Amino acid sequence: MTERLSGKAAVVTGGGRGIGEGVAVALARAGAVVCVCARTEAEVRRVAGEIRAGGGRAWALPCDVTDPESVRGMVEAASERLRRIDILVNNAGAASSAPLAKITLEEWNRIMAVNATGTFLCTQAALPGMVERGWGRVVNVASVAARTGARYVAAYTAAKHAVLGFTRSVAAEVAASGVTVNAVCPGYVDTEMTVESIDRIVEKTGMSRDEATTALLQTTPQKRLIEVAEVAYSVVSLCDADAKGVNGQALVLDGGKLLA
Ligand code: NDP
């Protein structure tokens with residue numbers, strides 16, 4: 001898919017590490033100029049710097065996707081630097097786990113804000129320009145948690161279901177405009193977020209790290225974590241010009257656990 005996105009301008013939220021970093025790098029390799037956004041300035045600067053060092057084009061734009069002012073400022077700055085936004089990857093997210101009785105309202109609101117409200121705010125700000133120009137790609141990084149339920153992840157699951165419902169409805173709204181809106185739904189990916197999930201298993205069960213990792217991998221059909229590059233590949237594919245018929249879809253990357 002070399003240079004298939006040449007001339008396109010992309011914004012990746014949560015681009016400072018993990019999946020977002022991989023997506024930003026992959027979009028740049030495909031020829032797009034990329035704005036890398038997250039709250040931690042040092043991380044977005046590092047990722048943008050590495051893209052530039054590799055011959056790509058990138059800007060670092062610190063942004064908190066839960067804050068409407070911050071999102072407005074980021075979209076304005078990105079539109080100014082890139083002259084437009086053709087591709088928006090709503091990847092910023094956070095996970096947590098607790099039995100229902102122990103989920104505080106504060107924690108519920110935090111998880112909804114970053115995963116669901118952030119996706120809403122960034123999409124609402126970036127979409128009008130895409131619709132006006134008749135071309136655009138929005139890819140929301142949801143999760144398998146958008147397609148199924150599990151113990152102790154009610155807040156995260158509700159937030160990711162919200163992301164998928166939002167994806168489908170906005171896809172319907174812009175279907176005739178040349179813009180597509182899709183979601184990718186990975187299982188456990190090899191990032192810090194999964195390291196934290198393993199830490200929580202260790203903390204709650206008293207298992208060793210190795211035992212907790214084995215227990216987590218046993219729940220996956222391929223007995224492995226999904227690589228960041230696999231998610232990035234799917235996101236870039238959905239951004240391709242030839243993906244224009246794919247709209248409102250949820251692409252599951254979990255090695256074959258969820259089969260419907
Ligand atoms: P990481 O924790 O490694 O990275 C999360 C990124 O989101 C960071 O760059 C972080 O930067 C950014 N972020 C968090 N809060 C905000 C905020 N309020 N505003 C802007 N940026 C924010 O997570 P992953 O890379 O693993 O996850 C990325 C996405 O993929 C998430 O949406 C997650 O739910 C989803 N996902 C992850 C899976 C996994 O197993 N890892 C599986 C399925 C889906 P900073 O803190 O500096 O703002």
Side-chain angles (χ1 to χ4, degrees), residues 1 12-15 18-24 26-27 30 87-97 111-112 114-116 118-120 122-123 137-172 174-175 179-198 213 215-240 242-260:
M1 239 176 288
V12 180
T13 71
I19 294 170
E21 175 176 0
V23 167
L27 286 170
I87 294 167
L88 169 66
V89 182
N90 285 305
N91 164 79
S96 72
S97 70
I111 293 299
M112 292 303 284
V114 59
N115 292 290
T119 298
F120 156 67
C122 293
T123 306
R137 297 284 184 265
V138 178
V139 182
N140 299 325
V141 181
S143 162
V144 283
R147 295 284 313 277
T148 184
R151 284 184 302 174
Y152 310 141
V153 282
Y156 184 69
T157 303
K160 291 301 192 184
H161 272 66
V163 170
L164 186 49
F166 176 80
T167 302
R168 288 169 169 155
S169 290
V170 180
V174 299
V179 179
T180 66
V181 186
N182 290 289
V184 292
C185 298
Y188 287 112
V189 182
D190 191 6
T191 70
E192 262 176 59
M193 190 178 274
T194 298
V195 170
E196 284 163 18
S197 299
I198 292 169
T213 305
L216 186 130
L217 293 182
Q218 280 309 316
T219 68
T220 72
Q222 296 180 337
K223 312 297 175 216
R224 68 177 185 94
L225 299 178
I226 302 294
E227 297 294 328
V228 165
E230 297 172 68
V231 185
Y233 171 80
S234 295
V235 172
V236 172
S237 304
L238 288 168
C239 294
D240 197 84
D242 285 345
K244 60 178 180 269
V246 184
N247 191 28
Q249 301 304 306
L251 181 58
V252 176
L253 290 94
D254 72 349
K257 187 171 184 184
L258 198 72
L259 294 171

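These figures come from a predicted structure and were not determined experimentally.
The shortest non-hydrogen separation linking Thr194 to Leu225 is CG2-CD2, 3.9 Å. When all heavy atoms of Arg168 and Arg147 are compared, the closest pair comes out as NH2-CD, 4.4 Å. Heavy-atom minimum distance, Ala95 versus Ile111: C-CD1, 3.9 Å. A pairwise comparison of heavy atoms in Ile19 and Val231 identifies CG2-CG1, 3.8 Å as the closest pair. Residue Cys185 comes nearest to Ala146 through the heavy atom pair SG-CB, 4.4 Å, listed as atom of the first residue, atom of the second, then distance. Taking every heavy atom of both residues into account, Phe120 and Phe166 meet most closely at CA-CZ, 3.6 Å.
Formation of a donor-acceptor pair under 3.5 Å by the Asn115 side chain with backbone atoms of Ala94 is found in this model. Distance alone, capped at 3.5 Å, places no donor-acceptor pair between the Asp254 side chain and the Pro186 backbone. Using a distance-only test at 3.5 Å, with no hydrogens or angles considered, a donor-acceptor pair links the side chain of Thr13 to the main chain of Asn91. For Ser197 (side chain) and Met193 (main-chain N/O), a donor-acceptor pair under 3.5 Å exists by modelled atom type.
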Evaluate side chain to side chain contact (heavy atoms under 4.5 Å, CB included) for Lys160 paired with Leu164, printing each intermediate quantity in order.
-> CA-CA 6 Å; Lys160 291 301 192 184; Leu164 186 49; over 6 Å; no

Dump the intermediate steps for side chain to side chain contact (heavy atoms under 4.5 Å, CB included) on Leu238 and Val246, then the final yes or no.
-> CA-CA 7 Å; Leu238 288 168; Val246 184; 3.8 Å; yes

Would you sort out whether Val89 and Leu27 count as a side chain to side chain contact (heavy atoms under 4.5 Å, CB included), showing the intermediate values?
-> CA-CA 10 Å; Val89 182; Leu27 286 170; 4.1 Å; yes

Intermediate values then yes/no, side chain to side chain contact (heavy atoms under 4.5 Å, CB included), Thr191 and Val228 = CA-CA 8 Å; Thr191 70; Val228 165; 3.7 Å; yes

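Taking OG1 from Thr220 and OH from Tyr188, the interatomic distance works out to 9.5 Å, rounded to the nearest 0.5 Å. Arg224 contributes atom CZ, which lies 10.5 Å from atom CG of Leu217 (distance to the nearest 0.5 angstrom). Note that CG of Asn90 and SG of Cys122 are 5.0 Å apart. Values are rounded to the nearest 0.5 Å. Rounded to the nearest 0.5 angstrom, Thr219 OG1 and Lys223 NZ are separated by 7.5 Å.
Proximity of Leu251 to Asn182: side-chain heavy atoms (C-beta onward) are nowhere separated by under 4.5 Å. Val170 has its side chain out of reach of Val138: every pair of non-hydrogen atoms, C-beta onward, lies at least 4.5 Å apart.
Judged by distance alone, the side chains of Thr119 and Asn140 never bring a donor and an acceptor atom under 3.5 Å apart.
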